[in-house]
Amino acid sequence: MKTVRTAQSTILAAVTVFKSESVKCTESLGRILAEDVLSNRNHPPYDISAMDGYAVIYDDIDGATKESPAVLKIIDDIKAGDAPKVTLTTGTASRIMTGAPIPEGADTVIRVEDTDCNETDAKILIPSKKGSNIRLLGENLRTDDLVLTKGTDIGPAELGILAMVKKALVEVYRRPRVAILSSGDELEGLDDPFDERKIPDANTYTVMAEMQAIGIEPVLLGIARDNPGELKDKLKEGLECDALIVSGGVSVGHHDFVRPTLKELGVEIDFWRVALRPGHPFAFGRRAEGNKLIFALPGNPVSSMVCAEEFIIPAMRKMMGAVNLFRKTITVRLGEDVKDKVGRTHFMRSHLSVNESGEQTLKLTGSQGSGILMSMVTADALLVMPAECSELKAGTLVTAQLLNLNGPGAFQEEPGIKE
Ligand code: AMP
Ligand code: MG
């Protein structure tokens, strides 16, 4: 049986990165950059004032106090967007607004609040440090500097930088087409009439949302009953996409037809069990024809969500050219004792809180049954309980994966799980 890490490596080795396409920068939020972006300008383009105040020569105001202010002649009034007309000489100051260029000769800006001024004279009451309140040329962007690298997630700040360097069109990676199918005779679809004896299909929607959260709009194939004919038709339809995700019917039960049917359709199964909890019967396969990836998730709603997190999301992010493939992990102090069976890496639903001493701690959300989808509602992290570990004491530093984050910062380059 594969470990989580070897399963992830097997899957990622099978994934090829998609080609790129050009999109408007205004439509690039959530996409992954497919080019290195250089700055075409200095920003700020010159030294500018960070405050409304007075541009001065520091030597003129050194040691000024309320009792004995430095008194300077105001010789100019510089607004943002203006070009300064005069050079400061000893004993003079220029009134200056935030964002306006620092005039020749000045080396410091004094805030309005630290002065007492009339139209002609500026009394400096408190000298700030030499050089203060000046934003230096190029402190944000420098011409020809690499400002965003290929493989970066585009979030609001990245989008702002694209706009600043005038990239109205930007190269991003194409997104895969992903099909989602649920299987099981007991399942009731969202639009089916309510039947108390049936099990409402959750996996279609949780996995759909997991895909949407990383920028993929999946094709929903609905529910296939546990009969080989119906399953085959639906799986065939799903194989028209780049990736097919099917949940349920992947164990060894008498009515679990997913694996044999996939085989009939030319899918080579790489593995069908992974040493993780929840989600033991998870299968990964490929169809050479058309370079298709197939993920078969266990039916239990928590298992299918966790397997999608651990295996499908990294694969999809690799396809979309991302550098950071894995959910962000943190090291955090455990807030309670945790006992577990050994043998499989256990992703335990947990939530972060701050204890009496102000320290962040992690506690389980409660019962860890793989059918208790409500445990994912209350969770904001997954405690990664190593396979060989049977007990962790309160106070131990543990690894947790952060759930529900989006955009830059939600993912990291290294897997974070050690085996
Ligand atoms: P299976 O993997 O088909 O053996 O299903 C395992 C458990 O998950 C069973 O209790 C199923 O009823 C349940 N299950 C399977 N598919 C879904 C689904 N799409 N939504 C909610 N529960 C499901
Ligand atoms: Mg089933």
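Just follow the structure's listing: the first ligand is 1, and inside any ligand the first atom is 1.
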Heavy-atom nearest neighbour in the protein, as seen from atom 4 (O) of ligand 1, with distance rounded to 0.1 Å: S251 OG, 3.8 Å
message: So is G184 touching ligand 1 or not, going by heavy atoms under 4.0 Å?
response: no
Ligand-residue contact atoms, ligand 1 with G249, heavy atoms, under 4.0 Å: 1 (P), 2 (O), 3 (O)
message: Evaluate V250 for polar contact with ligand 1, using N/O atom pairs at a separation under 3.5 Å.
response: no
query: Does an N or O anywhere in L187 fall below 3.5 Å from an N or O of ligand 1?
result: no
message: Is there a salt bridge (Lys or Arg N to Asp or Glu O under 4.0 Å) between R31 and E158? Walk through the geometry before answering.
response: CA-CA 11 Å; R31 304 295 296 266; E158 288 74 10; over 6 Å; no
For atom 18 (C) of ligand 1, the option (of V207, D226, N203) bearing the nearest heavy atom: N203
- prompt: With a cut-off of 4.0 Å, which atoms of ligand 1 are near a heavy atom of D201?
  reply: 18 (C), 19 (N), 20 (N)
message: For atom 7 (C) of ligand 1, what's the nearest protein heavy-atom neighbour? Residue, atom name and distance, please.
response: N300 OD1, 3.4 Å
field: E391 CD to T396 OG1 distance, which is reported to the nearest 0.5 Å
entry: 9.0 Å
query: Do the side chain of N40 and the main chain of V165 share a donor and acceptor less than 3.5 angstrom apart?
result: yes
message: With heavy-atom distances below 4.5 Å as the criterion, would you say the side chains of T98 and S49 are in contact?
response: no
task: Assert yes or no for the condition that the ring centre distance of F311 to F282 is strictly below 6.0 Å.
output: yes
task: Look up atom CG in D47 and atom CZ in R135, then write down how far apart they are to the nearest 0.5 Å.
output: 12.0 Å
task: Just jot down the ligand 1 atoms closer than 4.0 angstrom to any heavy atom of S182, in number order.
output: 19 (N)
query: Can you find an N or O of P298 that's nearer than 3.5 Å to an N or O of ligand 1?
result: no
Ligand 1 to E186 polar contact by distance, N or O atoms, under 3.5 Å: yes
- prompt: At their closest point, which heavy atom of T329 faces which heavy atom of G416, and how far apart are they?
  reply: OG1-CA, 3.8 Å
task: Verify the distance criterion only: is there a donor paired with an acceptor across the side chains of Q360 and R333 at less than 3.5 Å?
output: no
- request: Take D340 and R277, measure what salt bridge (Lys or Arg N to Asp or Glu O under 4.0 Å) needs, and give me the verdict at the end.
  value: CA-CA 11 Å; D340 196 26; R277 210 173 9 240; 3.6 Å; yes
- request: Using distance alone, determine whether T204 and ligand 1 share an N or O pair under 3.5 Å.
  value: no
- prompt: atom 2 (O) of ligand 1: which of G299, P301, A202 has the nearest heavy atom?
  reply: G299
Atom indices of ligand 1 within 4.0 angstrom of P200 heavy atoms, with elements: 20 (N), 21 (C)
